[in-house]
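Within every chain, numbering begins at 1; the chains are lettered A, B, ... in the order of the sequence lines, protein sequences first and strands thereafter.
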Number of protein chains: 2
Amino acid sequence: MTRATIKDVSRVAGVSIKTVSRVLNKERYVSDDMRQKVEEAVARLNYHPSLAARTLAGRRSFQIGLIHDNPSPYYIFNMQAGVGQRCREANFRMIIQPCDINSPGLVDDIGALIDQAQLDGIIMTPPVTDVGTALAELFRRKIPVVRVQPGTDLTATSAVYIDNVQAADDMTAYLISLGHRRIGLVTGHANYFASGQRLTGYRQALQRAGIGFDAALVFPGQFDFQSGAAAAEALLALPEPPTSIFASSDEMAAGVLAAAHRMGVSVPGQLSVAGFDDTDLAQVVWPSLTTIRQPIRDLGYAAADLLLEFGETIERRQLPHELIVRGSTAPPRPMAPGSSPG
Amino acid sequence: MTRATIKDVSRVAGVSIKTVSRVLNKERYVSDDMRQKVEEAVARLNYHPSLAARTLAGRRSFQIGLIHDNPSPYYIFNMQAGVGQRCREANFRMIIQPCDINSPGLVDDIGALIDQAQLDGIIMTPPVTDVGTALAELFRRKIPVVRVQPGTDLTATSAVYIDNVQAADDMTAYLISLGHRRIGLVTGHANYFASGQRLTGYRQALQRAGIGFDAALVFPGQFDFQSGAAAAEALLALPEPPTSIFASSDEMAAGVLAAAHRMGVSVPGQLSVAGFDDTDLAQVVWPSLTTIRQPIRDLGYAAADLLLEFGETIERRQLPHELIVRGSTAPPRPMAPGSSPG
DNA sequence: TTGTAAGCGTTATCAA
DNA sequence: TTGATAACGCTTACAA
């Protein structure tokens, strides 16, 4: 017993091959009578069209590529889930392509993938989104592209994103609303555009509240646990330490927590910790953290949707972020030297 | 400018199409002269053969499927990394297929995937490995299959695995070697074969050490955080509580830690906690945990290797687990009621 | 060792 | 609204 082909279906249904093809592709100009016959035959033979043949003969391959260079399993997992979901709905397949943005072969690899698989479109996630040479290659090939949270050439391709400035503003404003006046900020890796955007949001909220910007409260990080911990140590050692620390990523927030713990600073009693849930991991692993959450899965779904619905047309879609408060981000007690709890 | 085809290459190289094909497929009986001409033309034209055409014309699709129903991002990520690595080396592509083992359409979905993509082979991870209907469908189609850590029909397909009995034995023996005599065990989800195997290893080590099996020290869990916490609460409330708790998964071990913390039991001062690092997450998120680690990425690599190297032949490959001790799994202090520290 | 010709299973084109 | 037929880019047989 070998695979059923379109020929088998046409024979069983008693119609021409072309008619079967029409039904398969939901083309117009097929009578209900024909359509029904074909559908019955397809079901009876358990027929599934060969993707290879469709790709070779037609203009589409029913495949899109997801290109990433992101070491966070949670990020990738959720992104795949979202893109995969939309692909399934459209009967498309998703090809995953991990890569290394520092590899000299990056552009060639992407080109080879597109050629070999005849991809119908590409989704890129940060930081691949902002590799100029890769983008140029895609333009050259005129292949539809959707970028997730791009940092440069914002209008060059379709894109999905959250507003990082607003998100950081929201979190900062929330902390201020609880009574915090000295809010430490651990910034993100300098290579990521999100880092600067988050700093901007932080400053914006402070200014609106009439709180002066204190450069001593801003400490550079690299998005990782270590730098979060280092930042917290520095910030908590200040003559006038912050009552709250806002880390620009969840891993750094975890680092802040660890350092505070090590230094005997009670959380949230003496210090409120907040962060960005960049990897979708914070809520799972550090459930008490107050975070700004990017809806990674939704971003993936929206990216695929844009690609499948609009193709070459450039569309942008902004998704809402969430401020997630779990446990208490308690209002700070005065921490003036010598003060003691009520 | 359109894609280069094999015809273009043959023209540029001044040889026949078939010769180009021979070089591409590394067939024998090609003179060095010809080979060189072809390789130059390929490089010059930046030619990448169409997978669709190769699949349609040939017997192979250069694609294998990875089927999973596993909610752990870390597990999936590492598995993909391992399988993907081996695929890249062989110039194969990996198709990811998430599924739901309780869905009635499972078998049909798998069949459709194989038909549409003409997959050359399938890798399955638990718990899909042990779905009889799915396995039967694959046998019917005579497609090469490699299962990761199968629980049933062990010799039915090629497989890669670690020895769970030995692993649990190792950990239990290690705890005993530190002086523990009362070791609690939180078992895994009853649906997973690994659960029973780990219980067996635990009992085996106890017996060898001449320690009687105490059913009161074994508490059923479901592999998740909650049940780990519940188990710890029950075990620590025993009249004679264990000095050590061995959880059959990392998430449960985390639950044990949390519960101990909540109950004011100091770790590792009064209680040693150990676990299985099933998701490859323990070392990242709970770095102090003593764990038995499955090398997930290596399992994936080995699975793909088996599939690509041996195809239909049934081969089994056992990989070593690792006992990872970080921080101290301190020997227990006596915990008799009323006793006080040194 | 190299080349020729006939498919592979679809879709595109054009005619009916 | 339906159908015949020529591609699509490669591999497989088979010849030379």
So do [Y] and [X] actually touch side chain to side chain, heavy atoms under 4.5 Å?
{"X": "B/Arg317", "Y": "B/Asp305", "value": "yes"}
{"X": "A/Val23", "Y": "A/Met34", "value": "no"}
{"X": "A/Val148", "Y": "A/His68", "value": "no"}
{"X": "A/Val9", "Y": "A/Val12", "value": "no"}
{"X": "B/Leu51", "Y": "B/Phe62", "value": "yes"}

Does anything in [range] pair up under side-chain hydrogen bond (donor to acceptor under 3.5 Å, both in side chains), and if so which pairs, sequence neighbours excluded?
{"range": "residues 31-50 of chain A", "value": "A/Ser50-B/Gln118"}
{"range": "residues 142-163 of chain B", "value": "B/Asp130-B/Thr152, B/Arg147-B/Thr157"}
{"range": "residues 16-26 of chain B", "value": "B/Ser16-B/Thr19, B/Ser21-B/Asn25, B/Asn25-B/Arg54"}

First and last nucleotide of DNA chain D, 5' to 3', lying under 4.0 Å from heavy atoms of chain B: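 Nucleotide range in contact with chain B: D/dG9 to D/dA13.
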Results of salt bridge (Lys or Arg N to Asp or Glu O under 4.0 Å) for B/Arg316 - residues two or more places apart only: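 Here no residue qualifies.
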Salt bridge (Lys or Arg N to Asp or Glu O under 4.0 Å) against B/Asp298, all qualifying residues, sequence neighbours excluded: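 By the salt bridge (Lys or Arg N to Asp or Glu O under 4.0 Å) rule, B/Asp298 matches no residue at all.
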B/Tyr301: ring-ring contact (aromatic ring centres under 6.0 Å, His included) partners, not counting sequence neighbours: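 With sequence neighbours excluded, B/Tyr301 shows a ring-ring contact (aromatic ring centres under 6.0 Å, His included) to no residue whatsoever.
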Boundaries of the chain A footprint along DNA chain C (any atom under 4.0 Å from a heavy atom):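 That gives a stretch of C/dG9 to C/dT13.
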Residue-level proximity of residues 45-61 of chain B to DNA chain C when a heavy atom falls under 4.0 Å: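 Within this stretch, B/Leu56, B/Ala57 sit under 4.0 Å of the strand.
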Whether B/Asp120 side chain and B/Ile64 backbone form a donor-acceptor pair below 3.5 Å: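 Checked: no pair found.
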Check: residues 93-104 of chain B side-chain donor-acceptor pairs under 3.5 Å, at least two apart:
{"unit_1": "B/Arg93", "atom_1": "NH2", "unit_2": "A/Gln116", "atom_2": "OE1", "d": "3.2"}
{"unit_1": "B/Asp100", "atom_1": "OD1", "unit_2": "B/Asn102", "atom_2": "N", "d": "2.8"}
{"unit_1": "B/Ser103", "atom_1": "OG", "unit_2": "B/Gly105", "atom_2": "N", "d": "3.0"}

Of residues 17-31 of chain B, the positions that come close to DNA chain D - non-hydrogen atoms, cut-off under 4.0 Å: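 Those residues whose heavy atoms fall under 4.0 Å from DNA chain D, taken from residues 17-31 of chain B in numerical order, are B/Ile17, B/Lys18, B/Ser21, B/Asn25.
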CE on A/Met124 to CG on A/Leu138, rounded to 0.5 Å: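 It is 5.0 Å, given to the nearest 0.5 Å.
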Five-pair end axes of the helix from C/dT1-D/dA16 to C/dA16-D/dT1 and the angle they enclose, rounded to 10°: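 So the angle between the two local helix axes works out to 30°.
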Whether over 12 other heavy atoms sit under 6.0 Å from B/Arg88 CZ: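 Check passes, neighbour count above 12.
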